[in-house]
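Counting starts at 1 for both ligands and their atoms, following the listed order. Numbering starts at 1 and runs along the sequence shown. Note that these values count all heavy atoms, side chains included, but never hydrogens, waters or copies made by symmetry.
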Amino acid sequence: METLVDHGKCRAIGLSDIALDQLAPLYESARIKPAVVQVEAHPYLPETELLDFCKEKGIVFLAFAPLGHGARPGPLEDPAVLSVAARVAKTPAQVLLAWAIQRGTAVLTTPKTAARAQESFNISALPQDALDEISRIQTRQRLNQVVKTGIPGFIARVIGS
Ligand SMILES: NC(=O)c1ccc[n+]([C@@H]2O[C@H](COP(=O)([O-])OP(=O)(O)OC[C@H]3O[C@@H](n4cnc5c(N)ncnc54)[C@H](OP(=O)(O)O)[C@@H]3O)[C@@H](O)[C@H]2O)c1
């Protein structure tokens, strides 16, 4: 990948589905440091240590599945997220996106309709107490096992009850 940059085939190197214990040594040994890492991240998988490392090293942390892949139950239906959404008069999706951006991540979400895309852009900053409330969520759930298995694919959505 460094050779690709050397030859002008690409301008920067990005990594995906990487854990901190893999990224740290790779970062140290790389001649051309990674510009971005793309990993699953949402309140149920905050990846805080990885985010801190990325901030320290100037690497963009790109959160995929910031809405928890739309899983229900999942972050979109978490009581803390619902409570903040009601308080700030935004939708749970808008709250999750605002939380992700305010903690310093870029987001990779997949709205399926124009209305949802519009909703995703129409976000505004959450107050600190709301950010803290979401950051205190204790539930932990990885929805995409690609980091562990090398095989991409989300766990099946829970539909209905
Ligand atoms: N690096 C990797 O290994 C990896 C793995 C997986 C994905 N990705 C990337 O990450 C991207 C995002 O993943 P994702 O699609 O799971 O992200 P996500 O934004 O967490 O989940 C998207 C789902 O949330 C629902 N949704 C979207 N907007 C909503 C809203 N306003 N209110 C309620 N529900 C809403 C939609 O479900 P419905 O419309 O279906 O109801 C949509 O399918 C993918 O497109 C892919 O490019 C990367």
Side-chain angles (χ1 to χ4, degrees), residues 1 4 10-24 26-27 30 33-51 53-54 57 59-126 130-131 133-135 137-161:
M1 292 173 82
L4 291 175
C10 62
R11 284 184 291 181
I13 296 172
L15 304 168
S16 77
D17 308 304
I18 190 161
L20 182 54
D21 62 351
Q22 299 165 308
L23 177 62
L26 192 151
Y27 180 89
K33 307 298 182 191
V36 56
V37 299
Q38 183 194 132
V39 294
E40 177 181 341
H42 42 71
Y44 287 5
L45 191 66
E47 297 282 24
T48 308
E49 287 181 14
L50 181 62
L51 175 59
F53 181 87
C54 288
K57 304 296 187 191
I59 301 170
V60 173
F61 181 112
L62 176 55
F64 81 75
L67 305 181
H69 187 48
R72 294 172 188 273
L76 278 169
E77 291 182 343
D78 186 273
V81 174
L82 294 178
S83 144
V84 168
R87 226 159 59 227
V88 301
K90 289 284 179 182
T91 67
Q94 289 169 326
V95 166
L96 288 170
L97 293 173
W99 176 81
I101 290 164
Q102 284 176 261
R103 70 196 288 259
T105 73
V107 291
L108 183 53
T109 182
T110 314
K112 289 202 179 132
T113 64
R116 278 191 162 169
Q118 223 160 18
E119 180 184 333
S120 297
F121 278 114
N122 183 22
I123 57 174
S124 42
L126 299 173
L131 294 174
E133 190 175 338
I134 296 168
S135 298
I137 292 173
Q138 296 294 315
T139 307
R140 290 290 172 263
Q141 185 181 24
R142 180 185 293 282
L143 292 157
N144 192 307
Q145 296 300 324
V146 62
V147 170
K148 288 182 184 165
T149 62
I151 303 164
F154 284 111
I155 61 164
R157 296 248 183 95
V158 180
I159 297 167
S161 53

Which segment of Q145 sits under 4.0 Å of ligand 1 when only heavy atoms are counted: neither
In this structure, is the centre-to-centre distance between the rings of F61 and F53 below 6.0 Å? no
Closest to atom 28 (N) of ligand 1 among I18, N122, L67 (heavy-atom distance): L67
List, one per line, each side-chain donor-acceptor pair under 3.5 Å for residues 74-89, sequence neighbours excluded.
unit_1, atom_1, unit_2, atom_2, d
E77, OE2, R72, NH1, 3.3
D78, OD1, A80, N, 2.8
D78, OD2, Y44, OH, 2.6
S83, OG, R87, NH1, 3.4
S83, OG, E133, OE2, 3.3
R87, NH1, E133, OE1, 3.0
R87, NH2, E133, OE1, 3.1

Going by the atom numbers of ligand 1, which of them fall below 4.0 Å from some non-hydrogen atom of D17? 1 (N), 2 (C), 3 (O)
Kindly indicate whether the side chain of L15, heavy atoms from C-beta on, has any atom under 4.5 Å from the side chain of L26. yes
Which heavy atom of L143 sits nearest a heavy atom of H42, and at what distance? CD1-NE2, 3.7 Å
Side chains of L50 and V39: closer than 4.5 Å at any heavy-atom pair? yes
Does only the side chain of E119 get under 4.0 Å from ligand 1, or the backbone, or both, or neither? Count heavy atoms. side chain
Quick check: does any side chain N or O of E40 sit under 3.5 Å from a backbone N or O of N144, one acting as donor and the other as acceptor? yes
Candidate with minimal heavy-atom separation from atom 11 (C) of ligand 1, of T91, V107, T110: T110
Examine ligand 1 and decide if any of its atoms is less than 4.0 Å from a heavy atom belonging to S120. no
Closer than 4.0 Å to some heavy atom of Q38 - which atoms of ligand 1 meet that? 1 (N), 2 (C), 4 (C), 8 (N), 9 (C), 48 (C)
Side chains of residues 92-110: which donor-acceptor partners sit under 3.5 Å, not counting sequence neighbours?
unit_1, atom_1, unit_2, atom_2, d
Q94, OE1, T91, N, 2.8
Q94, OE1, T91, OG1, 3.3
Q94, NE2, E119, O, 3.1
Q94, NE2, N122, O, 2.9
W99, NE1, S135, OG, 3.1
Q102, OE1, L126, N, 2.7
Q102, NE2, L126, O, 3.0
R103, NH1, P46, O, 3.2
R103, NH2, P46, O, 2.8
T105, OG1, A100, O, 2.8

Can you sort out which atoms of ligand 1 are near G68, meaning under 4.0 Å from one of its heavy atoms? 20 (O)
Here the atoms of ligand 1 under 4.0 Å from any heavy atom belonging to A93 are 30 (C), 31 (N), 32 (N)
Atom 33 (C) of ligand 1: of H69, Q118, R116, the nearest heavy atom sits on R116
N144: numbered ligand 1 atoms lying under 4.0 Å from its heavy atoms: 5 (C), 6 (C)
Quick one: does ligand 1 sit under 4.0 Å from the side chain of T113, the backbone, both or neither, non-hydrogen atoms only? neither
Min side-chain heavy-atom separation V60-C54 under 4.5 Å: no
